[in-house]
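Down below is the structure, laid out as structure tokens.
Both backbone and side-chain heavy atoms feed into the values below; hydrogens, waters and symmetry mates do not. We count ligands from 1, going down the list as the structure has it; atoms in each ligand are counted the same way.
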Amino acid sequence: MDIYVFTLFPEMFTGPMETSILKKAQDKGLFSLHLINYRDYSLAKHKNVDDSPFGGGAGMVLKPEPIYNAVEDNCPLQGKVILMSPQGQKFDQQLACELAKEESLSIICGHYEGFDERIRNLADYEVSIGDYVLTGGELPAMVVIDAVSRLLPGVLGEEESPLQDSFYNGLLEYPQYTRPRSFNGMEVPEVLISGNHKQIALWRRKESLRRTRERRPDLLENTNLTIEDKNMLAEIEREELAKDE
Ligand code: ADE
């Protein structure tokens with residue numbers, strides 16, 4: 001996958017994008033990151049990319065030409081264009097999976113107090129990473145790149161498959177344990193040491209359901225639950241009721 005990022009601060013990407021799994025994935029050629037500074041596409045004498053808002057008001061607004069010129073000069077026609085903005089659709093695992101199917105992504109990072117409304121016309125998606133306002137779209141763009149690139153074939157090893165992720169199947173992940181079996185009086189559940197793979201799978205599914213019910217009951221409403229899942233949830237309900245008594 002080719003990922004093009006349009007930003008005034010390409011240097012912000014170097015640390016996070018050149019570390020660990022994302023670095024290995026790029027070294028293996030599984031995706032390529034192209035950082036484009038849209039200041040280079042400003043037609044203004046001093047290369048400025050913002051101006052005061054029509055109608056007055058405080059702050060500066062990103063001008064449309066540098067961004068249009070940069071995107072039109074670099075983006076493959078078939079790829080999707082994403083505009084990072086707190087007004088966009090909320091980013092989630094489902095959108096990450098959808099974007100991971102594309103051959104190329106172009107991500108526009110807004111900055112300053114705002115951007116010219118016409119920039120929105122360039123975008124196939126306007127994406128927010130949450131209901132808070134950051135100083136720019138660079139950190140949100142890195143969140144999207146991280147979540148999407150780890151879904152690309154070959155980025156994670158076989159045993160770290162994204163199929164096990166929280167949210168992948170609409171549920172939160174089950175609790176995980178490693179050595180030691182006993183730590184500060186906290187024990188690893190017996191079943192995980194039993195070697196009985198069927199029982200372990202059942203326990204994990206049940207704990208995944210329990211955790212989702214406790215922390216994110218909203219997710220259960222949008223997930224296809226099997227009869228076995230529903231039976232487990234009923235059992236969990238009885239267990240929780242018994243605990244309260
Ligand atoms: N730019 C500033 N805040 C943002 C957010 N929450 N999501 C995406 N882009 C942003």
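Using cut-offs of 30° and 60° for the angle between ring planes, the His34 and Tyr4 rings count as parallel.
Looking only at heavy atoms of the protein, atom 6 (N) of ligand 1 is closest to Tyr132 O, 2.8 Å. Annotation: atom 7 (N) of ligand 1 to nearest protein heavy atom, Ile129 N, 3.1 Å. Counting protein heavy atoms only, atom 3 (N) of ligand 1 is closest to Leu134 N, 3.0 Å. Counting only heavy atoms of the protein, atom 9 (N) of ligand 1 lies nearest to Ser85 N, 3.2 Å.
Taken to the nearest 0.5 Å, the CD atom of Glu228 stands 12.0 Å off from the CG atom of Leu233.
Criterion: ILVMFWY side-chain heavy atoms under 4.5 Å apart, direct or through other members. Under it, Tyr132 and Leu139 are part of a common hydrophobic cluster. Cluster membership check: Leu151 does not share its hydrophobic cluster with Ile21, using side-chain heavy-atom separations under 4.5 Å among Ile, Leu, Val, Met, Phe, Trp and Tyr.
The side chain of Pro140, and not its backbone, has at least one atom closer than 4.0 Å to an atom of ligand 1 (non-hydrogen atoms only; side chain from C-beta on). By the criterion of a heavy-atom distance under 4.0 Å, the backbone of Val127, and not its side chain, is placed next to ligand 1.
Of all non-hydrogen atoms in Arg181 and Glu190, the two that sit nearest each other are NH2-OE2, 4.4 Å. In terms of heavy atoms, Met12 sits closest to Met142 at O-CE, 3.3 Å.
Nearest to atom 1 (N) of ligand 1 by heavy atom, out of Gly130, Gly88, Gly136, Gly110, is Gly136.
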